[in-house]
Amino acid sequence: MLETRDLTLHYGGSKILNGISVQAAKGEVTCVMGTNGVGKTSLMKAIAGTHARSGGEVLLDGVAVPKLPAHRLAQMGVACVPQGRMIFPLLTVRENLETGLACLPKGAREVPERIYEMFPVLREMEGRRGGDLSGGQQQQLAIGRALVTKPKLLLMDEPTEGIQPNIIQLIGRVIAQLRDEGEMAIVLVEQYFDFAFDLADRFYVLKRGETVFSSAKADTTRDQVQGAFSL
């Protein structure tokens, strides 16, 4: 579903990504790992179109995609759960979810019932403002908003950051369910090693904007991945 080839990205005069090549298949979780500041979030932004790549290629479902803004990529099936959640604090939960509908055809602009089945708290707090929710509730809302768009590629940037353990478990179950349904490719940026290792089918470890380790889960061991992550 997703392939990047020699992707590069600059912020001003600084090169943040240097020749990143990754693949993410339908029905799999591809995990991008690494410590703070190695370029993980920048990679997500380059794929999602929120920061224009400097060079290289992005292919979706085998077709090369030109440099497009985020809303055009959303129409093509790319959804992002950004680091920090980025929900709209003055909109209600329902209104936040409905913002994801804009990229769909008019006849399909309805919040699916399954969003509330995955995250029951969103139904309970449907009329509450997003800014009044806890961090864990906001994270569920951010994931729900992304899923409203019916993505083919789901990008998730640090979904466990600052979240209580029971909500982390819930998010893990949702990711596993989405993976097992086989309808989308999931790219997960994560520093919580146990969470990432349990879910991932393929690993990429970044350091200083470059890939220092990549492997399918079936071809590596926990110690090898953890060793690369700790470099």
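Everything quoted here is computed from the prediction, not taken from an experiment.
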In Å and rounded to the nearest 0.5 Å, what is the [atom1] to [atom2] distance from [X] to [Y]?
| X | Y | atom1 | atom2 | value |
| --- | --- | --- | --- | --- |
| M44 | D157 | CE | CG | 7.0 Å |
| L122 | L133 | CG | CG | 7.5 Å |
| Q138 | M86 | CD | CE | 11.5 Å |
| L141 | R128 | CG | CZ | 12.5 Å |
| Q23 | T30 | CD | OG1 | 9.0 Å |
| C80 | K45 | SG | NZ | 9.5 Å |

Does [X] reach the side chain of [Y], with side-chain heavy atoms less than 4.5 Å apart?
| X | Y | value |
| --- | --- | --- |
| R145 | V148 | no |
| L206 | V212 | no |
| M118 | L178 | yes |
| Q191 | E158 | yes |
| D201 | R179 | yes |
| T92 | L97 | no |
| L188 | P159 | yes |
| R114 | Q177 | yes |

Given 3.5 Å as the limit, does a donor-acceptor pair link the side chain of [X] with the main chain of [Y], or not?
| X | Y | result |
| --- | --- | --- |
| E181 | E183 | no |
| E28 | A24 | no |
| K40 | V205 | no |
| T160 | I168 | no |
| T149 | G100 | no |

Which heavy atom of [X] sits nearest a heavy atom of [Y], and at what distance?
| X | Y | answer |
| --- | --- | --- |
| Q75 | C103 | CG-O, 3.7 Å |
| G131 | I87 | N-CD1, 4.1 Å |
| N96 | F88 | OD1-N, 2.8 Å |
| L7 | A46 | CD2-CB, 3.9 Å |
| M33 | C31 | CG-SG, 3.4 Å |
| F195 | G172 | CE1-CA, 3.6 Å |

Shared hydrophobic cluster for [X] and [Y] (ILVMFWY, side-chain gaps under 4.5 Å):
| X | Y | result |
| --- | --- | --- |
| L147 | M125 | yes |
| I163 | L154 | yes |
| V121 | I175 | yes |
| V225 | I20 | no |
| F193 | I186 | no |

For the [atom1] atom on [X], are there more than 12 heavy atoms of other groups (residues, nucleotides or ligands in this structure) within a distance under 6.0 Å?
| X | atom1 | value |
| --- | --- | --- |
| K152 | NZ | no |
| E113 | CD | yes |
| R109 | CZ | yes |

The test is side chain to side chain contact (heavy atoms under 4.5 Å, CB included); show your working for Q140 and L170 and say whether it passes.
CA-CA 9 Å; Q140 293 172 74; L170 171 61; 3.3 Å; yes
Contacts of type salt bridge (Lys or Arg N to Asp or Glu O under 4.0 Å), residue R72, not counting sequence neighbours
none
Member of V81, L43, V78, V32 meeting the side chain to side chain contact (heavy atoms under 4.5 Å, CB included) criterion with L155:
V78
Can you check salt bridge (Lys or Arg N to Asp or Glu O under 4.0 Å) on R53 and D6, steps first, answer last?
CA-CA 11 Å; R53 62 186 187 269; D6 296 323; over 6 Å; no
Flag this pair as yes if the NZ/CZ of K207 is under 6.0 angstrom from the six-membered ring centre of F213 and inside a 45 degree cone about the axis; otherwise no.
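No, K207 does not lie over the aromatic ring of F213.
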Please state whether the rings of F197 and F203 are parallel, tilted or perpendicular, taking 30° and 60° as the class boundaries.
parallel
Are the charged groups of R222 and D194 less than 4.0 angstrom apart, N to O?
yes
